[in-house]
Structures are given as C-alpha cells and as structure tokens.
Amino acid sequence: MKADKPNENSRRNFLKKTAVAGAAGVAGALGINAVAPSVVPEKMVFEKNRSFWSRVLPSPNSPLNKDLDVDVAVIGGGFTGLSAAYYLKKNQPSQSVALFEAQRCGNGASGRNGAMMLNMTDDRFLQWSGEPELDKRIYELTLDNIGRLQALSAQLGIDADIEQNGALQVFNTKKDAESGKEFIEKIKPHGLPFAYWDRAKVAVAIGTNVYEGGLLDPGSGQLHPGKLVGLFKAAAENAGAQIFEGTPIAGVEEGETVRLVTADGKTVRAKALVLAANAYTSKLGYLRRAVAPFFDYVGITGPLSDAKLAETGWKFRIPFNDSRTEVFYLGLTKDHRIHIGGGLADYEFNNGITDPSQAERRYQELRTELLRIYPMLASEPFEVCWSGAVDMSLDQTPSVGRMGKHRNVFYALGFSGHGVNLTSVFGRILADLVAGKEADWKWLPYLNRLPAYIPNEPFRWLGIQLATEYYRLTEFK
C-alpha cells in the first residue's frame with residue numbers, strides 16, 4: 001500500500017526532496033551527476049565545543065601513546081560511539097574494545113544539541129508514514145531506550161537531568177494545524193499516544209499564543225546532553241572499554257584485520273571497526289554521499305528568576321519545536337535557563353565543519369525569534385551561543401549496518417537532528433551487529449541501507465543554496 005504524502009512542512013523536511021534534491025536536480029539536468037569529479041580532500045579539522053553543555057563534560061582521557069591490538073575499534077566519542085562501546089563490553093565482556101576520539105568525548109553534536117529527547121526517527125516523528133504498525137514498533141523501541149537511559153542513570157548514580165514530560169510540535173500556520181488534526185485522525189486507530197492540542201491548550205502549557213496548535217508526544221522529553229555524555233563514558237569504562245581522547249584517526253586500511261593510523265603515527269589493529277563519527281564520517285573517507293553536515297545554532301539565557309519564569313507562563317517543562325522547514329526548537333533547563341536553537345542552518349562548501357562565517361548573524365536571528373515568542377525576555381541576554389554540525393540525510397532517515405569487502409566495518413549515521421535518544425538505540429544495534437545478531441534487527445527499515453545519494457560538489461553546495469533560499473523566502477518573510 002502506498003504511503004500517504006507527509007505534511008509539506010513536516011518537522012525537519014529540510015533535505016527531504018528539497019535542499020540536496022535541488023543539488024541532484026541541477027546535476028541530473030547537466031547529465032553529469034554520476035561522473036561528478038572528486039573534490040579536494042576534506043580538511044581534518046575539529047573545532048572546539050563551546051556550548052553551555054560542554055561545561056560539565058567529563059575530563060578528557062590521555063591520547064593513545066603506543067600501538068594497540070583490539071577486537072573492536074570505535075571511532076567517535078559521542079552518544080553513538082560511547083553507547084556502542086558500552087554495549088559491546090556489556091554484551092561480550094571478554095572482547096577488547098577501544099574508542100578513539102579526536103578531541104574530547106562530547107565535542108561534536110552530542111555535546112552541542114538542543115537537548116530534546118525525542119522518540120522515533122526524524123522521517124516518522126509526528127507525521128504519517130502510511131506504515132502505522134511499523135511506526136508503533138519503532139516508537140516502542142525508542143520509548144524503551146528512554147527507560148534504559150533512566151535505569152543506567154540510577155545504576156551509576158549519574159544524573160543526566162532526564163525529564164520525560166512530553167514534547168510538543170507547535171504549528172506556525174493554520175494550514176499546519178489542520179494537517180496536524182488530520183494526522184491524529186489517521187493514527188488514532190493504531191494505538192500511538194500522540195494528541196492534538198488546540199491553540200488555547202498550547203498557550204496554557206508554554207505560555208505563548210503565537211502558535212495555532214500543536215501535537216504532543218507524551219513519551220518524549222529533554223535532558224542535559226553534557227551529563228549524558230558523562231553517563232555513557234562512565235558506563236563504557238566501567239564495563240571495561242578503553243577510551244583514548246585527543247587521538248584523531250588519520251587513516252583506515254581495511255582487511256581481515258582493520259588497520260588504523262593515528263595522526264601521530266600510532267597503529268591500531270582491530271578485527272572489527274565501528275564508525276560512529278556522524279557528521280565527521282566523511283573526514284575518514286567514508287559515506288560522504290550519505291549525509292551532509294549542516295550547521296545548527298543554539299543560544300541559552302542565564303538562569304531566570306522565579307518571577308521572570310512565571311511571567312513567561314511556561315508550565316510543565318515541556319520542550320517544543322515549531323513547524324517550519326528550518327525548525328526552531330526550545331527547552332527549559334532545571335535551573336530555569338531557556339535555550340533556543342535551529343532556525344536558518346548553513347552548509348559550508350566541501351563538507352566544511354569550521355565555525356561558519358554567518359554565526360553571529362544566526363545568533364541574532366535566534367534572539368529575534370525568542371523575543372517574538374517571549375517578549376518579556378528582552379532584558380535576559382544569551383549567556384552563551386554555539387554552533388555544531390548535524391549529519392543530515394537526504395530523506396531524513398538514519399542508517400545502521402555493516403560494509404566492506406570483509407564485512408567487518410560497521411556504521412551508524414544520518415540522525416538528521418533527531419539523535420539525542422536515537423543514537424544510543426543505534427549504539428546497541430551496532431553492538432548486536434558486531435556480535436553477529438543481525439537477524440534480531442531484520443525488521444528495522446534502516447538496517448544495511450544507506451540514505452539516498454547526495455551528489456558531489458559543486459552540485460551539492462549549489463543545490464542546497466537554491467533550495468534553502470526558496471524556503472527562506474516563503475517561511476521567513
């Protein structure tokens with residue numbers, strides 16, 4: 001049965017049939033997409049995390065200082081890599097596992113995101129896919145993972161500020177609100193817990209009347225990303241994984257035994273390799289055409305007084321995002337800081353990941369949007385702002401699986417800004433795949449498949465600019 005067409009302005013419909021599809025269209029029209037020349041090698045650059053969340057990241061471990069032989073090598077010290085290392089050791093204590101992080105754990109998107117802990121995957125969250133039974137199974141998988149996070153936090157005594165108060169997708173237009181009502185009618189017979197809230201109910205919950213309504217997922221929530229990094233790092237090390245920070249991998253040589261070479265010349269030999277670098281994966285020479293790194297931006301206020309928070313009317317501590325294509329999202333921390341992220345995102349030519357030149361302008365745009373929603377915060381400046389690269393896929397879908405001539409290279413990527421919860425689900429799946437338990441995940445549509453092809457430069461950059469400009473003219477008037 002063919003799936004119904006999803007809402008035009010779905011949650012992050014940013015690349016789906018738009019930005020990079022524009023690039024594909026340009027390249028295809030020229031008839032040279034398939035033979036696009038290679039671009040110059042990507043720079044191995046890792047900009048420092050300056051986010052609010054980074055203030056509580058765990059102290060970094062020492063770099064690798066000698067050659068090493070292990071059963072499994074993991075590249076990437078974010079949620080995906082740390083959770084994979086944890087589950088690899090937890091499930092098979094006898095195998096040796098070593099994780100290599102170029103900077104420090106949580107330096108990438110895991111330590112820079114908007115802290116929304118959402119269920120499902122970005123291509124299915126709060127939009128009709130036409131496969132409700134599969135949606136329900138994916139929802140239950142991710143909901144179960146939140147329970148696992150809470151249990152791990154209690155077990156290790158490390159509080160990650162996990163709050164499962166639900167999450168709202170709010171509607172900027174009446175058309176979006178009508179689409180939300182239609183979605184609820186379609187999904188209602190299938191047992192998913194989503195609910196439609198009218199304009200008044202949304203205003204009671206978050207204190208602003210600028211939205212036309214919203215959809216609630218009561219199983220989602222928010223957390224402190226920096227503390228979650230600390231939780232998974234502690235869990236992985238307690239289970240016996242070795243973690244080396246300040247250890248960029250400069251080269252990968254595949255074989256029955258994978259050979260890694262660090263930037264300072266150390267050699268690591270492993271029976272299996274897990275790629276958990278997400279937006280940075282192409283720097284290793286892998287999966288360049290599966291995702292594109294987009295820069296997202298976040299700003300956070302200082303702690304609000306009880307009186308000022310009451311003035312906003314934001315009750316129940318429910319985070320929310322709007323229904324624009326380039327979505328804004330907001331959250332409220334336990335110490336009463338309001339953070340806002342998203343809005344206009346940027347792509348730098350050739351998968352660039354250095355601090356973008358538009359950053360200061362984007363921070364001002366975040367400020368403008370925050371005051372549109374909560375004008376009473378005019379006297380509450382941002383305490384800190386930051387940017388970070390998100391691994392966006394063409395069709396909003398993630399991917400997890402194995403590849404390579406020897407079938408011993410494993411990967412997970414394409415979370416498309418929806419990874420705070422999902423990454424550790426995929427970390428657990430990666431551990432199962434390494435252990436040969438692929439059959440357990442055959443039902444998952446993201447297994448052993450890659451997101452839609454993204455063309456090479458210059459078509460990638462040109463198409464993204466054309467498509468994003470269209471949305472900015474229509475949605476940010």
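Throughout, numbering of the chain's residues begins at 1 and tracks the sequence. Values reported hereafter were calculated over all heavy atoms of this structure, with side chains retained and with hydrogens, waters and symmetry mates removed.
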* Return the minimal non-hydrogen interatomic distance between Ser424 and Ser83, and the atom names on each side. =>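 Minimum heavy-atom contact is CA-OG, 3.4 Å.
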
Between the main-chain N or O of [Y] and the side-chain N or O of [X], is there a donor-acceptor pair closer than 3.5 Å?
| X | Y | result |
| --- | --- | --- |
| Asn49 | Gly111 | yes |
| Thr247 | Glu101 | no |
| Asp322 | Val327 | no |

* Contacts of type ring pair (Phe, Tyr, Trp, His ring centres under 6.0 Å), residue Phe410, not counting sequence neighbours ->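 Partners of Phe410 under the ring pair (Phe, Tyr, Trp, His ring centres under 6.0 Å) test: none.
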
* For Phe415, all residues meeting ring pair (Phe, Tyr, Trp, His ring centres under 6.0 Å), sequence neighbours excluded ->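 For Phe415 the ring pair (Phe, Tyr, Trp, His ring centres under 6.0 Å) partners, ignoring immediate neighbours, are Phe426.
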
[X] bridged to [Y] by N-O distance under 4.0 Å:
| X | Y | value |
| --- | --- | --- |
| Arg55 | Glu383 | yes |
| Asp161 | Lys227 | yes |
| Asp432 | Arg428 | no |
| Lys266 | Asp264 | yes |
| Arg324 | Glu369 | yes |
| Lys405 | Glu254 | no |
| Arg124 | Glu131 | yes |
| Lys442 | Glu438 | yes |
| Lys136 | Glu133 | no |

* So which of Val434, Leu260, Asn408 actually passes side-chain contact (heavy atoms from CB on, under 4.5 Å) with Leu273? ->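 Result: among Val434, Leu260, Asn408, Leu260 is the only option passing the side-chain contact (heavy atoms from CB on, under 4.5 Å) with Leu273.
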
* Of the options Asn145, Thr121, Thr142, which is the one that meets Asn421 in a side chain to side chain donor-acceptor pair (under 3.5 Å)? ->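 Output: one option passes, namely Asn145.
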
* Glu140/Arg137 under salt bridge (charged side-chain N to carboxylate O under 4.0 Å, His left out): CA gap, chis, key distance, verdict -> CA-CA 5 Å; Glu140 290 170 348; Arg137 192 168 184 183; over 6 Å; no

* Asked: Can Lys233 and Ile243 be said to form a side chain to side chain contact (heavy atoms under 4.5 Å, CB included), step by step?
  -> CA-CA 8 Å; Lys233 183 180 178 182; Ile243 295 177; 3.8 Å; yes

* **Interatomic spacing from CG in Leu143 to OG in Ser220 - rounded to 0.5 Å** =>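 So the CG of Leu143 and the OG of Ser220 are separated by 8.0 Å.
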
* Asked: Does Arg112 make a cation-pi contact with Trp53, if we ask for NZ or CZ under 6.0 Å from the ring centre and within 45° of the axis?
  ->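 Not flagged: Arg112 not positioned over aromatic ring of Trp53.
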
* So Phe232 and Phe79, would you call those rings parallel, tilted or perpendicular, with 30° and 60° as cut-offs? ->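 Geometry flag for Phe79 against Phe232: tilted rings.
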
* Asked: Heavy atoms, side chains only, cut-off 4.5 Å: are Val74 and Leu430 in contact?
  ->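 Not touching, per the 4.5 Å side-chain cut-off.
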
* Asked: Any chance NZ of Lys437 has more than 12 other-residue heavy atoms, nucleotides or ligands included, within less than 6.0 Å?
  ->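 Result for NZ/Lys437: open.
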
* Above 12 or not: heavy atoms from other molecules or residues under 6.0 Å from CZ of Arg407? ->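 Yes, because the 6.0 Å sphere around CZ of Arg407 holds more than 12 heavy atoms from other groups.
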
* Asked: Taking the six-membered ring for Trp, is the centroid-to-centroid distance between His418 and Phe125 below 6.0 Å?
  ->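 Yes, the ring of His418 comes within the 6.0 Å limit of the ring of Phe125, centre to centre.
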
